[in-house]
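Order of listing sets the numbers, starting from 1, for every ligand and every atom in it.
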Amino acid sequence: MPKRMLIIGSGFSGVVLARELAVKTDSRIEVWDERDHIGGNCHTSRDEKTGIMVHQYGPHIFNTDRKEIWDYVNGFMEFRPYVHRVKAVSKGNVYPLPVNLHTINQFFGRSFTPAEARDFLATQADTSIEDPQNFEEQALRFIGRELYEAFFYGYTRKQWGCEPTELPASILKRIPVRFNYDDNYHNNSYTGIPVEGYSALIEKILDHPSIQVTLNRKFIPGTDLSDYDHVFYTGPIDAWFDYKYGRLGYRTVTFEKFYAEGDFQGTSQINYCDLETGHTRITEHKHFAYWEKHADTLCFREFSKETTPSDIPYYPKRLEADKQLLMQYRSEAESLKKTSFLGRLATYRYMDMHHVIGEALDFSARFLLNLESGSPLPVFPNTENS
Ligand code: UDP
């Protein structure tokens, strides 16, 4: 008898898992999503007025170092090479990000060589911080106070709504510092954007006779799901438990959409690093699909705020109190039968698309191996602190 599997959520973790189960077992797989579209926060659609491909929940650039993940997504759709070049506005000037030789020279009004810039920044860095324990210490240790205050302090306060000393150093480690003129925002070997957008890519991943997708279907905690042989949940872990121990902290993002003629800002993303500017960044989406031609343009001013119960959770804050709460939810999840938790929201981590896909592929392999050998099925893809 084929097994009945239920996957809750059609973001990358849910759909990659669905595909693996469909291709490698004779299961019937149902995928539910509470929204009226697939793809979770990666969803893309064309703007009705201009025809521009819009990343509905903010910019998504695919980048990875794992060739098998790059090959996996390219197996469903062509990716066009895309180098993300972000600019930053600070005190009325425009600089390239990530902080690179150009940024350093422009900011300090110098013309350093790479070696000179490295030596100079060493004089700025606070070397008394041996092992940075938070975002601010990480910045002071590696770039010094002036660059930190110009590019990171204000943006981070706006983005996370708290002092950078409360945030983990890992958030800053996402962004490289370079002593050359390379202004590619990402360090990865493979980077691109799917030619027809992420939702069309995800539709292809889901296109298999054993997969049935139901939209506008919200999971209600406590629903009897015993008809299914296994349930995979990719929504927020606290929502599964109806928030019985409290809510995990997330930041959410809101957008102010506006149209302009021609080219509004000359690039896809400009960050606004000063605290006084309300928005964190402006994204101009036609530049993500530079191979398309559009006379007019469409931009989004992006604002960050604390998540209320009716908001979509974006960035897990992972403050100390959140981690304690997460531990409670995780240990209760471990005691459930025939249920697994997967993805950014169910594991409550700041993950990029390539992390999510890689983890979904690794998790599926482990799940299928254990299923075949009759070993206990994995509940989470990760351990508590990974
Ligand atoms: N950040 C900053 N200034 C910038 C860009 C980023 O302070 O101009 C900080 C901020 O705390 C942000 C983090 O670095 O949350 C990670 O930035 P990234 O661009 O990776 O964020 P994402 O695109 O995922 O929102």
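Across the listed options His84, Lys173, His186, Arg281, Arg281 owns the non-hydrogen atom lying nearest to atom 23 (O) of ligand 1. Here atom 20 (O) of ligand 1 lies nearest to Arg174 when heavy atoms of Arg157, Arg174, His60 are compared.
Taking the six-membered ring where the residue is Trp, Phe62 and Trp70 present tilted rings, their angle falling between 30° and 60°. The aromatic rings of Phe303 and His279 sit perpendicular, their planes meeting at an angle over 60°, well past the 30° parallel limit.
Nearest protein neighbour of atom 4 (C) of ligand 1, counting heavy atoms only, is Asn271 ND2, 3.4 Å. Closest to atom 21 (O) of ligand 1 among all protein heavy atoms lies Tyr350 OH, 3.1 Å. Of all protein heavy atoms, the one lying nearest to atom 10 (C) of ligand 1 is Thr156 OG1, 3.4 Å. Among all non-hydrogen protein atoms, the one lying nearest atom 1 (N) of ligand 1 is Tyr155 CD2, 3.5 Å. When hydrogens are left out, the protein atom nearest atom 13 (C) of ligand 1 is Ile171 CG2, 3.5 Å; that is the closest non-hydrogen contact. With hydrogens left out, the protein atom closest to atom 14 (O) of ligand 1 is Ile175 CD1, 3.2 Å, a heavy atom.
Residue contacts with ligand 1: Leu97 is included, with a non-hydrogen atom under 4.0 Å away. Within the structure, the closest approach of Cys273 to ligand 1 falls below 4.0 Å when heavy atoms are considered. Under a 4.0 Å heavy-atom criterion, Trp160 is in contact with ligand 1.
Each of the atoms 15 (O) of ligand 1 lies under 4.0 Å from some heavy atom of Gln159. Atoms of ligand 1 found under 4.0 Å from any heavy atom of Tyr185, numbered from 1 in the order shown, are 5 (C), 6 (C), 17 (O), 18 (P), 19 (O). Proximity to Tyr315 (heavy-atom distance under 4.0 Å) selects the following atoms of ligand 1: 22 (P), 24 (O), 25 (O).
Of the charged side-chain nitrogens involved, none lies within less than 4.0 Å of a carboxylate oxygen, so that Lys286 and Glu292 do not count as a salt-bridged pair.
Here the side chain of Arg35 pairs no donor or acceptor atom with the backbone of Gly9 at under 3.5 angstrom. Listed for the Arg301 side chain is no donor-acceptor partner under 3.5 Å among the backbone atoms of Glu256.
For NZ of Lys218, the number of neighbouring non-hydrogen atoms (other residues, nucleotides, ligands) closer than 6.0 Å is 12 at most.
At a 4.0 Å heavy-atom cut-off, ligand 1 does not touch Leu167 at all. Heavy atoms of Phe151 found under 4.0 angstrom from ligand 1 belong exclusively to the backbone.
For Tyr348 and Tyr329, the gap between ring centers reaches or exceeds 6.0 Å.
The residue from Phe241, Trp32, Trp240 that alone fulfils the ring pair (Phe, Tyr, Trp, His ring centres under 6.0 Å) condition with Tyr233 is Trp240. The residue from Phe363, Phe232, Phe380, Phe367 that alone fulfils the side-chain contact (heavy atoms from CB on, under 4.5 Å) condition with Leu342 is Phe363.
The heavy-atom pair separating His285 from His55 by the smallest distance is ND1-N, 3.1 Å.
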